[in-house]
Amino acid sequence: MEEDIKQNEQSELRKKTRKELIGSGIAPYGRAFSRSPIREYLGENFAENKKARVAGRIRAKRGHGKTLFMDLFDQSGKIQVYVRKDSIAEAAFSIAEKTDIGDIIGVEGSLFKTKTGEVTVIADYVEMLAKSLHPLPEKWHGLKDVETRYRQRYLDLIVNSEVRDTFIKRSLVIKTIRDHLDSRGFIEVETPMMQSMAGGAAAKPFKTHHNALGIDLYLRIAPELFLKRLLVGGFEKVYEINRNFRNEGISRRHNPEFTMLEVYEAYSDFSGMMELAENIIVDIHKKVNAGGVVRHNDTEIILDRPWKRISLIESVKNETGVDFLAEKNFMQTADKLGVKVETEMSKWEVINKVFEHAVEPKLIQPTFVVDYPSEMCPLSKTKKDNPDIAERFELFMAGQELANAYSELNDPVEQKERFLEQAKGDFLKVDIDYVKSLEYGMPPAGGLGIGIDRLIMVLTSKESIRDVILFPQLKPEA
RNA sequence: GGGCCAGUAGCUCAGUCGGUAGAGCACCGCCCUUUUAAGGCGGGUGUCCUGGGUUCGAGUCCCAGCUGGCUCACCA
């Protein structure tokens, strides 16, 4: 089997070394090795002759005949290992000699500093923990090929430390969100990923099949309708951080599965959610970015509160000079602006298109866009004094949509009508079970969704969603 | 799905007008007991993405395909 795999010369040599190790009674793949993180021997923790036990991956090796130096990396840092033939058992020296860059080893020894002051472990014991059978990408230029970086993310993580940092940051962002919401009395819940109706948004779902039940199921496109059922059930502050799946195009800003935060707070509304969104994001910036500068291209993004608020129609007027509400020939006007419109589009659909084309890319600083037409927001309450306008905002930053919030519609009769409108009268496409839950009474509430991947893109100044998702979706290799 | 661009050694890249494949790192051999992008001497290890075509001759030109990037479309 393994002979079938065509290997290059370097891999062949490493396989040969693996066999040689086994031949001389040395396991090329070791077992548990008790050690301390490398960082615990560096800086203030350094003491001359202190005993050290470390383990990690060899990233550089400099042989000198009867001695050799290695750079050993673990997650916490890098330490130099020094092996001398005259101060170590012969067997251990021969293991050290047989190591290749990329191997994972355990080392025991004592600390000292070299002439240049580098903290070094002089080894008196070396153990092979994992033989690496492939050469690592080059130490100086790293791994640049984007396809390889995504397909073999482990290599990207080994070699490109800024990639590692991005994903550590991602973890901190999510932890900060949890801490923030937990401290405000929210509880985290989990709702179905597999749903018999894919509701809560308008995207195309992925379809799957449950054999025992004999039914088709859909991967969720949003958790919204389940989270609101929990409001009916008496949970007043709930949130979920989890994956949504949308069967749409893949792009710099779209991955078929992406992580969404959805928050619902009973007795609040969309302006409460506005404040919450500001609070959460500013908190993350403070804790994760340590107040550092966030940039989009060359522009610094200023996160100081309060953020700008503007109505959809105003923002379009500001950028295009056109008051689309008053405009009779809105189709031609939109077309002149370079927006692709189709004859069956409503005026608001055209306005929304113009917004996405002309305004969205320019919303670099955090901006709440409000006053969306209610026809585009079937789950949102309308304004008290204007049923045509929804109590909704979308948050934009770095030229893209980051969040979306409503005052949640809690009138079951109106909800059913709006669903029917959206489904163009097709009862089968209406989530009657959700409407039924509203019929028992859902408290007025605010709901907020934040796209976590995009938020991390903004906070880490990444241009592509693939740089903040560990394993982005790619076509399988042919 | 459309348009544009890219794919050469394990990695990062060069390759002129179409003339028979090249650098650094890595690797192999020899030397070297404080090096750190160690050093010295010697060595090129290749399905030039794949398959066709043009040509005396193709990494290079043409066609088709694969994968990726950007972009448009799609995506409340």
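Model, not experiment: these values are computed from the prediction. Every chain is numbered from 1, with letters handed out A, B, ... down the list of sequences.
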Query raised in the report: Hey, is A:His64 stacking on B:A38? Ring centres under 5.5 Å, planes under 30°.
Result: yes

Enumerate the protein-to-nucleotides 72-76 of chain B contacts in which both atoms are nitrogen or oxygen and the separation is below 3.5 Å.
unit_1	atom_1	unit_2	atom_2	d
B:C72	O2'	A:Lys340	NZ	3.0
B:C74	OP1	A:Lys353	NZ	3.4
B:C74	OP2	A:Lys353	NZ	2.6
B:C75	O2	A:His254	NE2	2.5
B:A76	O2'	A:Arg392	NH2	2.6
B:A76	N6	A:Gln422	NE2	2.7

Requested in this report: Decide yes or no on ring pair (Phe, Tyr, Trp, His ring centres under 6.0 Å) for A:Phe270 and A:Tyr372, but give the supporting numbers first.
Outcome: CA-CA 12 Å; A:Phe270 83 124; A:Tyr372 284 80; over 10 Å; no

Report summary line: Scanning all shown strands, the Watson-Crick or wobble mate of B:C11 with both distances under 3.5 Å is B:G24

Report task. Scan A:Leu68 against the nucleic acid and name what it touches under 4.0 Å (heavy atoms): base, sugar-phosphate only, or nothing. Result -> nothing

Requested in this report: Kindly check if the number of other-residue, nucleotide or ligand heavy atoms within 6.0 Å of NZ (A:Lys61) is above 12?
Outcome: yes

Query raised in the report: So, is A:Arg151 near the phosphate of B:G68, with a side-chain N or O under 4.0 Å from OP1 or OP2?
Result: yes

Query raised in the report: Distance between the P atoms of B:U60 and B:A6, in whole angstroms?
Result: 13 Å

**Report entry** Mate of B:C75 where both pairing distances stay under 3.5 Å, Watson-Crick or G-U
**Finding:** none

Requested in this report: Please state whether the phosphate of B:G69, meaning OP1 or OP2, lies under 4.0 angstrom from any side-chain nitrogen or oxygen of A:Arg252.
Outcome: no

Query - Side-chain donor/acceptor of A:Asp335 to backbone N/O of A:Gly338, under 3.5 Å - result: no

Query raised in the report: Which comes earlier along RNA chain B counting from the 5' end, the contact point of A:Pro137 or that of A:Arg84, where each point is its nearest nucleotide?
Result: A:Pro137

Query raised in the report: With no angle test and no hydrogens, is the base of B:U45 tied to the side chain of A:Asn8 by a donor-acceptor pair under 3.5 Å?
Result: no

Requested in this report: Determine the interatomic distance between C1' on B:G59 and the same-named atom on B:U50; round to the nearest Å.
Outcome: 14 Å

Report task. Taking atom C1' in both B:G19 and B:G57, compute the distance separating them and give it to the nearest angstrom. Result -> 7 Å

**Report entry** Any A:Arg149 side-chain N or O less than 4.0 Å from OP1/OP2 of B:C11
**Finding:** no

Report task. Remember a base hit wins even if backbone is also touched, and classify A:Gly63 as base, sugar-phosphate or nothing at under 4.0 Å, heavy atoms. Result -> base

**Report entry** Rounded distance in Å - CG (A:Leu13) to C1' (B:G29)
**Finding:** 12 Å

Requested in this report: For A:Arg14, report the nucleic acid contact type (base, sugar-phosphate, nothing); a contact means any heavy atom under 4.0 Å.
Outcome: nothing

Query raised in the report: Quantified in whole Å, what is the P atom distance between nucleotide B:C11 and nucleotide B:A26?
Result: 15 Å

Query raised in the report: What is the nucleic acid contact for A:Lys144, judged by heavy atoms within less than 4.0 Å: base, sugar-phosphate only, or nothing?
Result: sugar-phosphate

Query raised in the report: Taking CD1 from A:Ile79 and C1' from B:U35, how many angstroms apart are they, rounded to a whole number?
Result: 16 Å

Query raised in the report: With sugar-phosphate meaning primed atoms plus P, OP1 and OP2, does A:Asp145 contact a base, only sugar-phosphate, or nothing at under 4.0 Å between heavy atoms?
Result: sugar-phosphate

Report summary line: note: A:Lys475, atom NZ; B:U50, atom C1'; distance rounded to Å ~ 15 Å

Query raised in the report: B:U20 and B:C48: how far apart are their C1' atoms, nearest whole angstrom?
Result: 13 Å

**Report entry** Residues in side chain to side chain contact (heavy atoms under 4.5 Å, CB included) contact with A:Leu325, at least two apart in sequence or another chain
**Finding:** A:Ile313, A:Asp323, A:Trp348, A:Ile351

Report task. For B:U55 and B:A23, measure between their C1' atoms and round to the nearest Å. Result -> 31 Å

Report summary line: By nearest-heavy-atom nucleotide on RNA chain B, the more 5' of A:Asp100 and A:Lys78 is A:Asp100

Query raised in the report: Of the non-hydrogen atoms in A:Thr99 and A:Ile58, which two are nearest, and what is the gap between them?
Result: CB-CD1, 3.5 Å

Requested in this report: Sorted by first residue and then second, give each salt bridge (charged side-chain N to carboxylate O under 4.0 Å, His left out) pair with at least one member in residues 356-365 of chain A; sequence neighbours left out.
Outcome: A:Glu319-A:Lys362

Requested in this report: Would you mind checking if A:Glu248 and A:Lys204 are paired as a salt bridge, meaning a charged N to carboxylate O distance below 4.0 Å?
Outcome: yes

Query raised in the report: Heavy atoms under 4.0 Å, any strand shown: does A:Leu474 hit a base, just sugar-phosphate, or nothing?
Result: sugar-phosphate

Query raised in the report: Distance-only, no hydrogens or angles: does the A:Ser374 side chain make a donor-acceptor pair with backbone N or O of A:Pro387 under 3.5 Å?
Result: yes

Query raised in the report: Rounded to whole angstrom units, what separation is found between the CD1 atom of A:Ile465 and the P atom of B:U71?
Result: 14 Å

**Report entry** Base B:A26 to side chain A:Gln10, donor-acceptor N/O within 3.5 Å cut-off
**Finding:** yes

Query raised in the report: Across all strands, who's sitting opposite B:A6 as a Watson-Crick or G-U wobble pair, both distances under 3.5 Å?
Result: B:U67

Requested in this report: Go ahead and name the base partner of B:C41; Watson-Crick or wobble counts if both distances stay under 3.5 Å, otherwise write none.
Outcome: B:G29

**Report entry** B:U47 and B:U33, which share atom name C1', separated by this distance in whole Å
**Finding:** 45 Å

Query raised in the report: Under 4.0 Å: is that the gap between some side-chain N or O of A:Lys139 and OP1 or OP2 of B:G10?
Result: no

Report task. Fit a plane to each ring of A:Phe206 and A:Phe245, take the angle between them on a 0 to 90° scale, and name the class: parallel (under 30°), tilted (30 to 60°) or perpendicular (over 60°). Result -> perpendicular

Query - Interatomic distance at P, B:U45 relative to B:G22, whole Å - result: 10 Å

Report summary line: From the list A:Ile122, A:Thr120, A:Val119, A:Asn49, side chain to side chain contact (heavy atoms under 4.5 Å, CB included) partner of A:Leu111 resolves to A:Val119

Report task. Would you kindly give the CH2-to-C1' distance between A:Trp140 and B:C13, to the nearest whole Å? Result -> 17 Å

Report task. To the nearest Å, give me how far apart CG (A:Asp71) and C1' (B:U35) are. Result -> 10 Å

Query raised in the report: Taking CZ from A:Arg466 and C1' from B:U71, how many angstroms apart are they, rounded to a whole number?
Result: 12 Å

Report task. Would you tell me if any nitrogen or oxygen in the side chain of A:Arg62 comes within less than 4.0 Å of OP1 or OP2 on B:A38? Result -> yes

Report task. Give the rounded distance in Å between these two atoms: CZ of A:Arg59 and P of B:A26. Result -> 13 Å

